[in-house]
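Notes to accompany the following structure.
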Amino acid sequence: KGRSIEAGGTAQFDVQYDVTDVGGASVGVSVQRKNAGKYETAPAWETSGNTDVTGTGTQKISVKVPSDASGTYRLIFTLGDRTAVYNIIVS
């Protein structure tokens, strides 16, 4: 999967989860923008597919990139105390 996405486009991610000790949880998605070599918190982007899950499986999550975004970004997927980072370039 490429890491370059056009502004206004949508990226899809297959996110694996294991939620066995709680009644249900959802994967959070936050955004950081690279500015002068450092990542800074950016406004949230529209996401879909990250509904409450239980058990173990894979969830397809879509992230819509705003049409006015360009630059290098970091998407942070969070579930409980676990995080996964995915860097992208928006053109």
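Please read these numbers as outputs of a predicted model, since none were measured by experiment.
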Supply the atom-to-atom distance K34 NZ to Y73 OH, rounded to the nearest 0.5 angstrom.
13.0 Å

May I have the step-by-step check of side-chain contact (heavy atoms from CB on, under 4.5 Å) for R3 and Y86, ending in yes or no?
CA-CA 8 Å; R3 297 203 179 234; Y86 193 84; 3.4 Å; yes

Within the supplied structure, the quantity of interest is the number of heavy atoms (other residues, nucleotides, ligands) at a distance under 6.0 Å from E6 CD; does it exceed 12?
no

Is N50 reaching over with its side chain to a backbone N or O of V27, donor-acceptor style, under 3.5 angstrom?
yes

So CG of L75 and OG1 of T47: to nearest 0.5 Å the spacing works out to 10.5 Å

Quick one: do W45 and Y39 end up in the same hydrophobic cluster if we chain Ile, Leu, Val, Met, Phe, Trp and Tyr together by side-chain heavy atoms under 4.5 Å apart?
no

Full working for side-chain contact (heavy atoms from CB on, under 4.5 Å) between V85 and N87:
CA-CA 7 Å; V85 176; N87 294 332; 3.8 Å; yes

Considering non-hydrogen atoms only, spot the tightest contact between T10 and S62 and give its length.
CG2-CB, 3.9 Å

Do you know the tightest heavy-atom contact between A69 and A7?
O-CB, 3.1 Å

Atom CD in Q59, atom OG1 in T51: separation rounded to 0.5 Å?
4.5 Å

For residues 58-74, the salt bridge (Lys or Arg N to Asp or Glu O under 4.0 Å) pairs (sequence neighbours left out) are D14-K60

Report the C-alpha distance between V15 and T58 in whole Å, list the side-chain angles of each, state the deciding distance to 0.1 Å, and finish with yes or no for side-chain contact (heavy atoms from CB on, under 4.5 Å).
CA-CA 5 Å; V15 178; T58 302; 5.9 Å; no

Shortest non-hydrogen separation from R33 to A42 and the atoms involved
N-CB, 4.1 Å

Can you see which heavy atom on S26 is nearest to which on D52, and at what distance?
CB-OD1, 3.5 Å

Hydrophobic clusters here meaning ILVMFWY residues chained together by side-chain heavy-atom distances under 4.5 Å, can you tell me if V29 and I76 are in one?
no

